[in-house]
Number of protein chains: 2
Amino acid sequence: MTRKSDEPRDVIAKWEVQLRKGVLEFIILHSLNEREQYGFELISGIAERAAINVPEGTLYPLLLRLQKEELISSRLAEGDGGAPRKYYTLTLQGRELLQAMIPTWSKLTISVDRLLHGAAV
Amino acid sequence: MTRKSDEPRDVIAKWEVQLRKGVLEFIILHSLNEREQYGFELISGIAERAAINVPEGTLYPLLLRLQKEELISSRLAEGDGGAPRKYYTLTLQGRELLQAMIPTWSKLTISVDRLLHGAAV
DNA sequence: TCATAAACCTTGCATGACAAGGAAATCAGA
DNA sequence: TCTGATTTCCTTGTCATGCAAGGTTTATGA
C-alpha cells in the first residue's frame, strides 16, 4: 500500500507556515507594546488569548532579530525557580513601526476579504 | 550626508513582502475558482478588485508551481494581437485545497484581530 | 524591416518559520 | 553530593515564497 507524502493535511500545514510569515513579528510587537514580557510568557499569552502556538524555535530567533534591529530591548531578571528571564519591551522605533504595521495589516486583510466575498472596490 | 538604508518605508515594504507569503497563492486559487483566466487577466483583475498588485515575476512562477502540484490546469488560446494566452482553471484537488484554505485564513485573521482588539477567547 | 504591444518565462537573492537538539540555572530529594 | 525535574533561553540547518531584473515569443502596422 503506497502512501502519498502530500496529503491534504500536510499541504495545509505547510501553507499555514507560509501564512504566518510576518504575522508573528506583528503579534509579538503588539504583545510587547501592551506590557513588558519574557519569552515563555509571550508564548503562553498568545496561545491563550489567540489560540496561536508560537514554537520556541521561532520565537527566540525572532526576538534576537528584533533586538538587533533595535525594535525591542531587554533586561534580565530572576526566574521562578529556573533560568533567568529576559524581559522585552518596545523601543521608540518599535512603537513607530507597530503603528505603521496596523494599517498595512488591515488593508491586506480587507482586500483579501473583498475578493473572497465578491464585493466591489 | 549619510543615509540610512533602513528607512521606515523600506522596512514596511519588506514586511509587506513577507505578509503576502501564502496569501497570493490563496487569492490566485480563489480567482481561478470563480472563472478560467490567463495570467495578465489575473493580475489586472486582482489589482482592480482588491488593489493588490501581483508582479509578473511572482505570478508566473506561482502558476507553474500550482500546475506542477496539479492544483490548476491550463489550455492555450489565441491572444489579442500578441503571444498566445494560457488559460488556467482549478482541478478537483485545487478546489478541495481552496475549501480547506478558507477556514484556515479566517481563523488566522480572527485570532490576530482578537489580539489587536484585546478581546478574550 | 522595425517598432510596439501582449503575453509569458527564468534566474538568483532575500527572508522568515521551525524542527531538533542543546545549554544553563535552580531546587528537591535520595 | 548527585541526580532528576523544571524553567528558560539559544543555535543550526533546511525549506518555501515573493520578487526585481532581464529575456523570449507572437502578432500587427507603419
Side-chain angles (χ1 to χ4, degrees), chain A residues 5-6 10-29 37-46 52-69 71-72 74-88 101 108, chain B residues 5-6 10-29 37-47 52-69 71-72 74-88 101 104 108:
Chain A
S5 64
D6 273 4
D10 300 337
V11 175
I12 284 284
K14 278 187 191 172
W15 178 61
E16 215 169 344
V17 169
Q18 298 303 320
L19 261 193
R20 293 159 72 108
K21 295 202 173 175
V23 176
L24 297 184
E25 174 177 347
F26 182 41
I27 67 181
I28 295 300
L29 288 178
Q37 288 175 80
Y38 64 96
F40 259 57
E41 195 179 7
L42 279 166
I43 290 175
S44 60
I46 290 170
I52 294 176
N53 179 53
V54 184
E56 292 177 47
T58 297
L59 181 70
Y60 290 111
L62 174 54
L63 289 172
L64 292 177
R65 197 193 95 218
L66 294 176
Q67 188 162 27
K68 195 187 289 175
E69 292 171 356
L71 299 171
I72 62 178
S74 67
R75 68 175 180 87
L76 276 176
E78 287 196 354
D80 183 23
R85 295 170 174 169
K86 220 166 181 177
Y87 281 89
Y88 290 93
M101 281 174 153
L108 180 66
Chain B
S5 62
D6 275 3
D10 300 337
V11 175
I12 284 284
K14 279 187 190 174
W15 179 61
E16 217 170 343
V17 170
Q18 298 304 319
L19 262 194
R20 293 159 72 110
K21 295 204 173 172
V23 176
L24 297 183
E25 174 176 347
F26 182 40
I27 67 181
I28 295 301
L29 288 178
Q37 288 175 80
Y38 63 97
F40 258 56
E41 196 179 4
L42 278 166
I43 290 174
S44 61
I46 290 170
I52 294 176
N53 180 53
V54 184
E56 292 179 48
T58 296
L59 182 70
Y60 291 112
L62 175 53
L63 289 173
L64 292 177
R65 196 194 96 217
L66 294 176
Q67 189 163 26
K68 195 187 290 175
E69 294 171 354
L71 300 171
I72 62 179
S74 66
R75 68 174 180 88
L76 277 176
E78 287 195 352
D80 183 23
R85 295 169 174 169
K86 220 165 181 177
Y87 280 90
Y88 291 93
M101 281 173 153
T104 302
L108 180 67

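Every chain is numbered from 1, with letters handed out A, B, ... down the list of sequences. Small disclaimer: the values here were computed from a predicted structure and weren't measured.
- Distance check: B/Ile28 CD1 to B/Ile46 CD1 gives 3.5 Å after rounding to the nearest 0.5 Å.
- Comparing B/Pro61 and A/Gly79 by the nucleotide of DNA chain D that holds the closest heavy atom to each, the one mapping nearer the 5' end is A/Gly79.
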Check your understanding: Would A/Arg85 and A/Asp80 count as a side-chain contact (heavy atoms from CB on, under 4.5 Å) if you check the C-alpha gap in whole Å, the side-chain angles of each, and the deciding distance to 0.1 Å?
Key -> CA-CA 9 Å; A/Arg85 295 170 174 169; A/Asp80 183 23; 3.2 Å; yes
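- Here the P atom of nucleotide C/dC18 and the CG atom of A/Leu63 are 14 Å apart, to the nearest Å.
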Check your understanding: Along nucleotides 22-30 of chain C, 5' to 3', which nucleotides get a B, which get an S, and which get a -, given that the test is a protein heavy-atom distance under 4.0 Å?
Key -> --BBS----
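- A/Lys68 NZ to A/Leu71 CG: the interatomic distance, rounded to the nearest 0.5 Å, is 12.5 Å.
- The main-chain N or O of A/Phe40 is found under 3.5 Å from a side-chain atom of A/Ser44 such that the two form a donor-acceptor pair.
- B/Leu59 places its CG atom 18 Å from the P atom of D/dA21, with the value rounded to the nearest Å.
- Note on B/Tyr60: every side-chain N or O is 4.0 Å or more away from OP1 and OP2 of C/dT10.
- The closest side-chain heavy-atom distance from B/Ile72 to B/Leu29 is below 4.5 Å.
- Taking atom CZ of residue B/Phe40 and atom P of nucleotide C/dA5, one finds them 12 Å apart after rounding to whole Å.
- Rounded to the nearest 0.5 angstrom, A/Arg65 CZ and A/Glu25 CD are separated by 4.0 Å.
- For the pair B/Ile52 and B/Arg20, the minimum side-chain heavy-atom distance is below 4.5 Å.
- B/Leu64 has its CG atom 13 Å from the C1' atom of C/dT11, to the nearest Å.
- Distance A/Ile43 CD1 to C/dC18 P: 11 Å, rounded to the nearest Å.
- In this structure, the side chain of A/Glu41 engages the main chain of A/Tyr38 through a donor-acceptor pair within 3.5 Å.
- Rounded to whole angstrom, the span from the CD1 atom of B/Ile28 across to the C1' atom of D/dC19 amounts to 14 Å.
- Using a 4.0 Å cut-off, no side-chain N or O of A/Tyr38 falls inside it from OP1 or OP2 of D/dC9.
- Rounded to whole Å, the distance from CD1 on A/Ile12 to C1' on D/dA16 is 16 Å.
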Practice item. With side-chain contact (heavy atoms from CB on, under 4.5 Å) as the test, would you mind laying out the steps for B/Met101 and A/Trp15 before giving the verdict? Key: CA-CA 9 Å; B/Met101 281 173 153; A/Trp15 178 61; 3.5 Å; yes
Nucleotides 15-17 of chain C: which of its N/O atoms have a protein N/O under 3.5 Å away?
{"residue": "C/dT15", "atom": "OP1", "partner": "B/Lys14", "partner atom": "NZ", "Å": "3.1"}
{"residue": "C/dT15", "atom": "O2", "partner": "B/Lys21", "partner atom": "NZ", "Å": "3.3"}
{"residue": "C/dG16", "atom": "OP1", "partner": "A/Arg65", "partner atom": "NH2", "Å": "3.4"}
{"residue": "C/dG16", "atom": "O5'", "partner": "A/Arg65", "partner atom": "NH1", "Å": "3.4"}
{"residue": "C/dG16", "atom": "O4'", "partner": "B/Gln18", "partner atom": "OE1", "Å": "3.2"}
{"residue": "C/dG16", "atom": "N2", "partner": "A/Lys21", "partner atom": "NZ", "Å": "2.9"}
{"residue": "C/dG16", "atom": "N3", "partner": "A/Lys21", "partner atom": "NZ", "Å": "3.1"}
{"residue": "C/dA17", "atom": "OP1", "partner": "A/Arg20", "partner atom": "O", "Å": "3.0"}
{"residue": "C/dA17", "atom": "OP1", "partner": "A/Gly22", "partner atom": "N", "Å": "3.1"}

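- Whole-Å rounding puts the B/Leu71 CG to D/dT17 C1' distance at 15 Å.
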